[in-house]
Protein chains: 2
Amino acid sequence: MNTPLIEKTCGFADSQSVAAKLAALSHPARIEILRHLSASRSCCCREVVDHLDLAQSTVSQHLKILVDAGLVRYEPDRQRSRYQVDSDALADVSASLAELVTSCCSGR
Amino acid sequence: MNTPLIEKTCGFADSQSVAAKLAALSHPARIEILRHLSASRSCCCREVVDHLDLAQSTVSQHLKILVDAGLVRYEPDRQRSRYQVDSDALADVSASLAELVTSCCSGR
DNA sequence: ATCGTCTATCGCCGATAGACGATGAACAAA
DNA sequence: TTTGTTCATCGTCTATCGGCGATAGACGAT
């Protein structure tokens, strides 16, 4: 899991990390990219560009954001790039949000 | 549910709505606000301000963002404001993300 | 009526996000 | 070598975010 133990009093530092993860997901283009990556096994940048109707540089930026957030794995392959969804990381984010939600709903 | 039917080809408009919800959650202050709202039953703006070490106007803005996103319910109460987490809406967001994740992991 | 408190909103700002085109590096093919 | 393709990066522009102080409205208390 990603919850280290229990933070000082509550979980303040955690808010930061959860927010950062969610920020990477809070753009329609990036969600669309994730969907496309998971649909087609192999994915180079060009493929996403064709699918998405955005400039190549823009797509590259979004991919970088996803990679930096640890949600997508990157592997250079010849002159192409190989992008692949990191399912585990993605599941982690979902779990973090779920955890936040349940903790918010516990004292309902 | 929030999925209208099935969009044109895939689910493009859906990416938009999911992204919008997640955007509301992608700020540490707002997550902290959610936690605080759920912890203490009643919550006026002032209470959050004291807890959060941010200017009152800033907190009010964050609260507005959460309310606009439908994650927090708002009810004016005298000269105070009553803010309350909308647990169902929050659960919906979590479910949406979980759905996205599983759909991305299905073709693993 | 006046004062103090609590809010929401406005205006302003610096910083960042998101888009693009241009460019150069890396590589395959000719 | 030259050409074409793919990609990341740079610089630029615009819009939005996130913060603040100031302000005005609503209300309770005096």
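Basis for what follows: all heavy atoms, side chains included, without hydrogens, waters or symmetry-related copies. Chain letters run A, B, ... following the sequence lines, proteins first and then strands; every chain starts at 1.
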**Report entry** Single-linkage hydrophobic cluster B:Val67~B:Leu90, side-chain heavy atoms < 4.5 angstrom
**Finding:** yes
**Report entry** D:dT16 OP1/OP2 closer than 4.0 Å to side-chain N/O of B:His27
**Finding:** no
**Report entry** OP1 or OP2 of D:dC17 under 4.0 Å from side-chain N/O of B:His62
**Finding:**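 Looking at the OP1 and OP2 atoms of D:dC17, neither is under 4.0 Å from any side-chain N or O of B:His62.
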Atom [atom1] of [X] to atom [atom2] of [N]: distance rounded to whole Å?
X: B:Lys64; N: D:dG19; atom1: NZ; atom2: P; answer: 17 Å
X: A:Gln79; N: D:dT9; atom1: CD; atom2: P; answer: 17 Å
X: A:Asp68; N: C:dA17; atom1: CG; atom2: P; answer: 11 Å

Report task. Select base, sugar-phosphate, or nothing to describe what A:Ser81 touches, counting heavy atoms under 4.0 Å on all strands. Result -> sugar-phosphate
Query raised in the report: Checking all strands, does B:Arg82 fall into the base, sugar-phosphate, or nothing category for heavy-atom contacts under 4.0 angstrom?
Result: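 The answer is nothing, as B:Arg82 stays clear of every strand by at least 4.0 Å.
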Query raised in the report: Between B:Ala19 and A:Ile31, what is the shortest heavy-atom contact and its length?
Result: N-CD1, 3.8 Å
Query raised in the report: Which residue lies toward the 5' end of DNA chain C, B:Gln56 or A:Gln61, if each is placed at its nearest nucleotide?
Result: B:Gln56
Report task. Specify the residue among A:Ser57 and A:Arg30 whose closest nucleotide of DNA chain C lies further upstream toward the 5′ end. Result ->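 The residue closer to the strand's 5' end, by nearest nucleotide, is A:Arg30.
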Requested in this report: With rounding to the nearest 0.5 Å, note down the distance linking SG in B:Cys104 to CG in A:Asp86.
Outcome: 11.5 Å
